[in-house]
Amino acid sequence: MIELQNVNKWYGDYHALVDVTETITSGEVVVVCGPSGSGKSTLIRTINRLEEIQGGHILLDGRDVHDPRLDVNLLRAGIGFVFQQFNLFPHLTVVDNCTLAAVQLKKMAPAEARERAMALLERVGLAHKAQALPAQLSGGQQQRVAIARALTLKPPVMLLDEPTSALDPEMVGEVLLVMRDLAKDGMTMVCVTHEMGFAREVADRVIFMDQGAVLERATPHEFFNHPQHARTQKFLADIRSPFEHGAA
Amino acid sequence: MLELIDKYWLYFLIGQYPGGPLGGLVLTLILASLGLLLSLPLGLALGLMRVSPWRWLRLPVTGFVYLVRGIPLLMVVFWAYFFLPSITGVKTNQFWTMLIALVVFDAAYLAEIVRAGIQGLPKGQMECARALGLPYLKAMRCVVLPQALRHSLPSLVNQFISTIKETSLGYIIGLTEVSFIANQINTLAFTKPVEVFGILGLTYFVLCFGLSRFAHWVERRMARQGLGGRISTKPAA
Amino acid sequence: MIQFDPQMLLAGQYHDMLVAGFKMSLQYLFYGLCLSLPLGLLIALCRLSPFKLLRAFGTSYVEVVRSIPLLAHMLFWYFGVPEMLPTALKEVLYESPVESICAVLAISVYVAAYMAEDIRSGIRAVPAVQLEAARAIGLSYVQAMRLVILPQALRLTVPPLISQTLNLWKGTSIATVIGAAELMYEVGQVESQSFRSFEAFAFASVAYLTVSLVITGLASWFQHRYPVRTM
């Protein structure tokens with residue numbers, strides 16, 4: 001479904017992505033983790049071209065996403081993206097947030113879009129808030145709406161960029177539950193997250209990145225119990241016991 | 001004072017109409033309203049060009065805006081007055097000259113207000129709209145501009161207040177707007193300049209102060225609805 | 001067709017007139033600034049004062065002055081104010097360059113209202129917690145103001161004040177309406193005597209633009225050198 005071949009990206013002199021090569025198959029749930037600045041967010045943002053790359057290829061369903069004949073807007077409509085900061089449109093109601101793209105891109109008739117949006121809001125448990133404005137919702141609720149919004153266009157793949165990092169701890173669970181249900185329904189997902197519980201229970205594969213390069217990839221079981229790379233081991237150790245952490 | 005008002009109030013209000021062109025306060029209001037009405041779409045377009053990702057669009061417009069904002073309005077009026085006839089081939093009268101000068105001048109200021117409004121939004125809004133597959137202009141129209149313009153509403157009303165004051169420059173090219181009429185009345189009445197210009201000031205005050213109160217009300221109403229943008233921290237003094 | 005003859009601008013009678021006008025405008029800018037800044041500060045302090053009467057005065061000043069166009073201010077100062085003076089003072093006034101005096105006074109009073117608002121906003125923009133924190137470490141009210149609040153307020157205030165200086169500069173052009181011999185007036189004179197409107201206008205435009213750019217450049221330099229540091 002998604003193929004990354006030798007992807008390289010520079011910010012000026014800084015090598016942000018180093019020869020990243022990965023394949024994500026249909027229905028797979030992949031978690032990308034790593035320390036701050038490791039390039040994990042940058043990586044998923046290159047898939048829908050929110051960030052540009054200077055080397056390598058990215059293929060979605062066999063088609064190069066940088067093909068000049070490909071309409072970038074069509075590409076993006078076919079990928080669901082969930083932001084860390086939710087980015088709901090504050091001047092539109094919850095249901096209008098969901099239907100905006102579908103209606104404006106003429107993918108669905110307004111009535112059909114509304115129906116689909118309401119079904120999705122039902123699924124994330126927020127149908128009763130359909131007419132509310134984003135400012136009236138909590139962080140967890142806003143993020144669930146953001147997920148429903150991303151799903152309205154029926155994308156075959158979902159990219160989630162640290163979806164729970166901006167949430168207060170008590171709201172993280174409700175969003176993770178929605179994500180787990182999505183995974184259970186067979187959605188192809190690439191998720192950048194620090195939530196190791198989610199990785200352990202839901203992911204098919206975990207990828208560890210540091211300084212722009214993929215250092216390790218394994219099943220959750222292998223990753224958490226038998227990390228191979230020294231850097232991965234340190235990362236896991238830091239997460240587990242911050243107070244025993246030695247000199248930084 | 002009272003006989004002054006009694007004698008000249010109609011002249012002050014509508015100039016020599018119907019015995020001559022429309023003038024006075026009514027002309028001021030018409031000029032200001034038309035000026036704002038025409039400069040808004042132009043200012044919006046220029047503002048969008050100012051933030052455009054295409055350099056060939058962005059740079060000339062930026063240059064134009066800096067040029068217009070760097071010279072006095074009076075300069076723009078003079079340029080229009082002396083050179084519009086040679087460009088258009090038609091002898092432009094004072095009203096149209098003043099109107100065109102106002103539209104061009106205000107559009108440059110509105111462009112900056114629009115630009116500030118757009119750039120004041122979190123970057124994530126445009127990004128998210130694009131991530132959903134909306135093309136740039138649709139994203140502007142459906143997501144960015146509705147929010148930016150709503151936040152800029154107080155500034156836009158202030159611009160209208162400025163436009164009313166700017167109409168006074170018509171005096172200098174002989175346009176019979178309210179300041180010109182006041183000066184005429186002063187010449188006729190001769191011994192009452194304080195009263196005449198006092199009333200002129202009062203007229204502008206009522207008009208502009210009224211509008212600024214309206215702007216405040218709009219801002220407060222927006223803040224209550226949660227759509228306004230300011231985070232209020234208690235001031236130190 | 002419009003013919004452009006730059007020779008006229010570089011030497012000769014018209015050149016002298018335009019340069020004299022430019023110098024006069026610069027003088028208006030200078031004196032205007034000298035008057036409006038302290039006046040603006042005074043009005044700002046009135047608005048922030050704990051005394052209701054002073055606050056009312058400050059607010060009225062700002063609202064009234066800002067609602068009236070500069071041109072109307074000029075007309076009032078030139079035609080109206082001398083009539084309100086006692087005869088002796090009026091005669092002294094008419095002995096001196098009355099147009100320039102009225103122009104500078106009108107501009108200063110006008111711009112001071114805007115400056116007062118900017119100064120007041122600058123002081124109010126410093127969060128209340130700064131004063132609290134300063135008092136919490138033992139500083140007195142005056143010390144807190146002097147060492148913590150005002151330095152921060154100053155950085156916030158200077159850019160809008162520079163913007164008002166720009167408005168002051170452009171406002172000097174309105175003085176032509178009362179016959180003050182600044183740049184705009186001279187442009188009109190040159191135009192009516194030589195019919196060379198294009199050259200005269202070009203000169204004036206460049207003159208206004210240059211000074212505007214210098215003033216704006218000053219603002220950029222200040223913001224670069226003394227950036228506002230917030231949390």
Side-chain angles (χ1 to χ4, degrees), chain A residues 41 44-51 70-93 96-108 113 132-137 142-143 145-146 148-155 158-161 166, chain B residues 40 44 47-48 51-55 113-157 218-233:
Chain A
S41 285
I44 63 166
R45 285 161 64 97
T46 59
I47 299 175
N48 73 345
R49 292 180 61 180
L50 285 178
E51 302 279 353
L70 180 64
D71 179 6
V72 68
N73 297 314
L74 261 169
L75 168 78
R76 287 175 178 157
I79 300 176
F81 198 98
V82 177
F83 291 84
Q84 182 178 348
Q85 296 296 336
F86 341 133
N87 285 335
L88 290 185
F89 306 135
H91 61 298
L92 299 174
T93 60
D96 285 336
N97 258 275
C98 295
T99 58
L100 177 71
V103 170
Q104 288 298 325
L105 296 172
K106 310 239 188 296
K107 295 260 173 192
M108 294 179 207
L133 289 171
Q136 296 162 319
L137 302 179
Q142 288 189 48
Q143 193 61 300
V145 171
R149 176 176 63 174
L151 289 169
T152 310
L153 284 167
K154 304 185 192 162
M158 286 281 279
L159 304 176
L160 299 101
D161 185 3
Chain B
L40 272 175
L44 185 61
L48 281 172
V51 300
S52 158
W54 297 305
R55 225 193 276 181
I113 293 175
V114 168
R115 180 186 69 84
I118 291 175
Q119 292 181 334
L121 280 190
K123 196 174 138 233
Q125 288 291 303
M126 180 48 122
E127 215 174 48
C128 184
R130 297 309 308 275
L132 284 171
L134 291 170
Y136 181 80
L137 282 177
K138 272 225 163 94
M140 266 292 171
R141 186 169 67 82
C142 300
V143 173
V144 176
L145 282 179
Q147 295 181 63
L149 291 178
R150 229 169 276 207
H151 289 173
S152 307
L153 209 53
S155 298
L156 293 174
V157 179
V218 167
E219 207 180 328
R220 271 208 318 272
R221 189 136 179 273
M222 273 173 39
R224 260 188 284 132
Q225 285 180 352
L227 292 171
R230 319 241 177 131
I231 306 164
S232 47
T233 42

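Below, chains carry the letters A, B, ... as their sequence lines are ordered, and counting in each starts from 1. What's counted below: heavy atoms across the whole structure, side chains too, no hydrogens, waters or symmetry copies.
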Self-check item: Which atoms of A:Leu88 approach chain B - backbone, side chain, both or neither, heavy atom under 4.5 Å
Solution: backbone
To the nearest 0.5 angstrom, please state how far the [atom1] atom of [X] sits from the [atom2] atom of [Y].
| X | Y | atom1 | atom2 | result |
| --- | --- | --- | --- | --- |
| A:Arg149 | A:Leu92 | CZ | CG | 9.5 Å |
| A:Asn73 | A:Gln104 | CG | CD | 12.5 Å |
| A:Thr152 | A:Leu100 | OG1 | CG | 10.0 Å |

Quiz prompt | Closest approach of A:Ala113 to A:Ala102 (non-hydrogen atoms, all atoms of both residues) | solution = CB-CB, 4.0 Å
Exercise. Considering only heavy atoms, give the residues of residues 129-144 of chain B separated from chain A by less than 4.5 Å, sorted numerically, with 'none' for an empty result.
Key: B:Ala129, B:Arg130, B:Ala131, B:Leu132, B:Gly133, B:Leu134, B:Pro135, B:Lys138, B:Arg141, B:Cys142, B:Val143
Would you mind writing out the side-chain donor-acceptor pairs for residues 113-121 of chain B within the sub-3.5 Å range, not counting sequence neighbours?
residue  : atom : partner  : partner atom : Å
B:Arg115 : NE   : B:Glu112 : OE1          : 3.2
B:Arg115 : NE   : B:Glu112 : OE2          : 3.4
B:Arg115 : NH1  : B:Gln119 : OE1          : 2.7
B:Arg115 : NH2  : B:Glu112 : OE1          : 3.0

Quiz item: Most heavy-atom pairs under 4.5 angstrom with chain B, which of A:Leu105, A:Asp71, A:Asn48?
Solution: A:Leu105
Quiz prompt | For A:Arg49, all residues meeting salt bridge (charged side-chain N to carboxylate O under 4.0 Å, His left out), sequence neighbours excluded | solution = A:Glu52
Enumerate, atom names and distances included, each donor-acceptor pair closer than 3.5 Å involving a side-chain atom of residues 77-87 of chain A, sequence neighbours excluded.
residue : atom : partner  : partner atom : Å
A:Asn87 : ND2  : B:Gly124 : O            : 3.4

